[in-house]
Number of protein chains: 2
Amino acid sequence: MALRSRTKDKAERPAATEADGRTPLPRPGEYLTDPLLWASWLYHHDELTQSQIADLMGVSRATVVNYLQQARDLHYVKVVVRPELLNSIDLAQQLKQAFGLAECMVIPFDGGMRPPSERIGRAGAQYLDQILTNGDVLGVAWGRTVLTLAENLPEKAMPDSCVVQVIGSQRSAYDGFTAEECVAFIARRLHARSISLHAPAALSNAALRDALMREPTIQEQFARIRSCNKLLFGICTVKANSLVFASGLISVDESKYYITKGAVGVIAGRFYDVEGNWLRGSMDDRMIGITLDDVRAVPARIAVAGGPDKTDAILGALRGGYLTALITDEPTARNILGRL
Amino acid sequence: MALRSRTKDKAERPAATEADGRTPLPRPGEYLTDPLLWASWLYHHDELTQSQIADLMGVSRATVVNYLQQARDLHYVKVVVRPELLNSIDLAQQLKQAFGLAECMVIPFDGGMRPPSERIGRAGAQYLDQILTNGDVLGVAWGRTVLTLAENLPEKAMPDSCVVQVIGSQRSAYDGFTAEECVAFIARRLHARSISLHAPAALSNAALRDALMREPTIQEQFARIRSCNKLLFGICTVKANSLVFASGLISVDESKYYITKGAVGVIAGRFYDVEGNWLRGSMDDRMIGITLDDVRAVPARIAVAGGPDKTDAILGALRGGYLTALITDEPTARNILGRL
DNA sequence: AACTGAGGTTGTCAATTGTCAGGCCGAGGT
DNA sequence: ACCTCGGCCTGACAATTGACAACCTCAGTT
């Protein structure tokens, strides 16, 4: 019970010898079991206390703390809140029903401690991990939330899959915010092939864009895009602080046309109104990327989006049928349902 | 930073009002979100402290503790130590190599605090959860370890699957130890169909057994058994304290014959020697259940077994090729490898 | 041989978490 | 209307856990 003196600890391993006569523990230096793993298992599965583990392993408790911390950092352990339950809470059910979604995850409100995009990204990572299977062709657009998702995606071996960039590249004001980076990141986590679109998202005129589109390599990429069976994207507002503007993809001036036509949201660079109608404009002729019609052709279309501003944008996307699965948070879900 | 007084908590919800003006929290009594789920998510995903959660939800911290505990009990959350890592630790690798196993999980030693069957059962539950997919036909034999596995199997929807009892029923000295119960339990957890074998495991003479075997319903069940694509079973020793005797399936007298022929273990009521040869005897002609030849015909054959006595029994089973996946613990793995 | 710096371990202390006896409140019985 | 019981919540206390600065140890360098 009292803290053991530590002066004598090297020589003996009291817990081991008494408990298991026939299987001597490995002598120091010939561990057959990774100590991180050993500690993690005993802690999380067998619910021993850190002190018990420390005795068992013959190190101090503080060391065990470190082991456990490292194991967490290396993602040796995962804590999962059963996603199907979040699927079933009332708000999610209502959204599913109202918009014919196949799946909807509504994560609880956290009192506004962290940005919704971060929390939703993490939730999305868990969801994606769960539904992806080897052989999938996953299209990925970009967004703040998609990026956090990518960063939190657990590692998983899907060697026969590929991750496809569905919108051209653009220079971003923020770090790591380009579509290529999202795609590459996700592909790496999945041990999958990454297929990026070697072209800018927006060109200065339609003729150039058309010429580029006729390039065989680009044609090939677009064939890939149309072969996606799953698609992951964020939803952007058209407000001034929105990422589409901050990233330089679209200038505020250019957006004026769309806004006067009633634009409320942007998916993969394409504007739509609150009814979900795709608003085609001059921008569209200068962009390289998936169209909203293409989006609807993908079997599983997963949107990760949420936050106080995004109500209308998400509502429009839902009405337009651009999604089959929505991952959002509780305030946002309430807002959307309140707008009906 | 200092602990906030709790006397004023009913009236206000400080974190909420400032952070999110447009979405009032539900008034008490109209929670749309299950409080267990809410608390669990904030705790495990957003890493808030229990006090923060208590403030947010407007209850005392102790209540949050209870919520979290309940959520754990109801399996709302899962803590998973990445199983592929246990697959890769040295002992597991050596066993895989030595016996041509497809998978092998070796869980770390816990100092002998809990019975191996309990710990291995839990590990097996996690493994099974991971490899099962909808549509599987899972055969299940019985055993102490299989039962703990069943109890710890997380809930999972596999409506198109079935769980098949591969050995007849028997009265047991222990509670819940019959094959039917294991099967029913697992089936319930998986929302799958449970197919039990309505016949005793052992009859008093071979003629009766043969007559029963000719019954169409029994024939049907056996067709099912042969259609299994996965099989789950425990491994029993032939020592006097073994479950096969305690359960009354086999009498100690009857076992004498097998033991003199060199029996070291029992799988689904069938004896085999240390080389893995099936020892056929008079018992076998009076039993209703899967044979060891049938076992080998199943594509995935998962054994959960471990403990100081079981070394030889497992070794024989490995040599006989009755397993494709073994889940055991570190001392047992060492013993087996030491016996080579 | 003495120095130095990186990597890993340790003891201490504050923060967080688990426990438990007692209090509150509503349902159902008298 | 009053009482009793059971379930849920609370507050205070004990145990566990996390953070951190100091400390070893050992290999490479002077």
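Each chain gets a letter, A, B and so on, in the order its sequence line appears, and its residues count up from 1. Computed from a prediction, not measured in an experiment: that's the story for all the values here.
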What's the CG-P distance between A:Leu36 and C:dG8, to the nearest Å?
10 Å
Taking 4.0 angstrom as the limit, do B:Arg61 and B:Asp55 come out as a salt bridge?
no
So which one's nearest nucleotide on DNA chain D is more toward 5', B:Thr63 or A:Ala62?
B:Thr63
Going by atom types only, do B:Asp90 and B:Gln94 share a side-chain donor-acceptor pair under 3.5 Å?
no
According to side chain to side chain donor-acceptor pair (under 3.5 Å), who are the partners of A:Gln70, at least two apart in sequence or on a separate chain?
none
Among residues 39-49 of chain B, which residues get a heavy atom nearer than 4.0 Å to DNA chain C?
B:Tyr43, B:Thr49
Can you tell me how far C1' of D:dC9 sits from CE of B:Met57, to the nearest Å?
13 Å
Find the distance B:Arg61:CZ to D:dA15:C1' and express it as a whole number of Å.
12 Å
So if I take every side-chain heavy atom of B:Arg72 and compare against C:dG18, D:dA19, C:dT10, which nucleotide ends up nearest?
C:dG18
If we ignore angles and hydrogens, is there a donor and acceptor under 3.5 Å between the side chains of A:Lys310 and A:Asn335?
no
Would you mind reading off the distance between A:Leu68 atom CG and D:dA19 atom P, rounded to a whole angstrom?
12 Å
Can B:Thr332 and B:Asp329 be counted as having a side-chain donor-acceptor contact under 3.5 angstrom?
yes
In terms of side-chain heavy atoms of A:Asn66, which of D:dG18, C:dT10, C:dG18 is nearest?
C:dT10
Separation of C:dG7 P from A:Gln70 CD (nearest whole Å)
12 Å
How many whole angstroms separate atom CD of A:Gln52 from atom P of D:dT16?
8 Å
It should be established whether B:Tyr67 places a side-chain nitrogen or oxygen under 4.0 Å from OP1 or OP2 of nucleotide D:dC8.
no
Distance-only polar pair, side chains of A:Thr63 and A:Ser60, donor-acceptor under 3.5 Å:
yes
Can you see if the side chain of B:Gln50 gets near the phosphate of C:dG18 - specifically, an N or O under 4.0 Å from OP1 or OP2?
yes
Main chain of A:Val183, side chain of A:Ser194: is a donor-acceptor contact present, judged purely on distance under 3.5 Å?
no
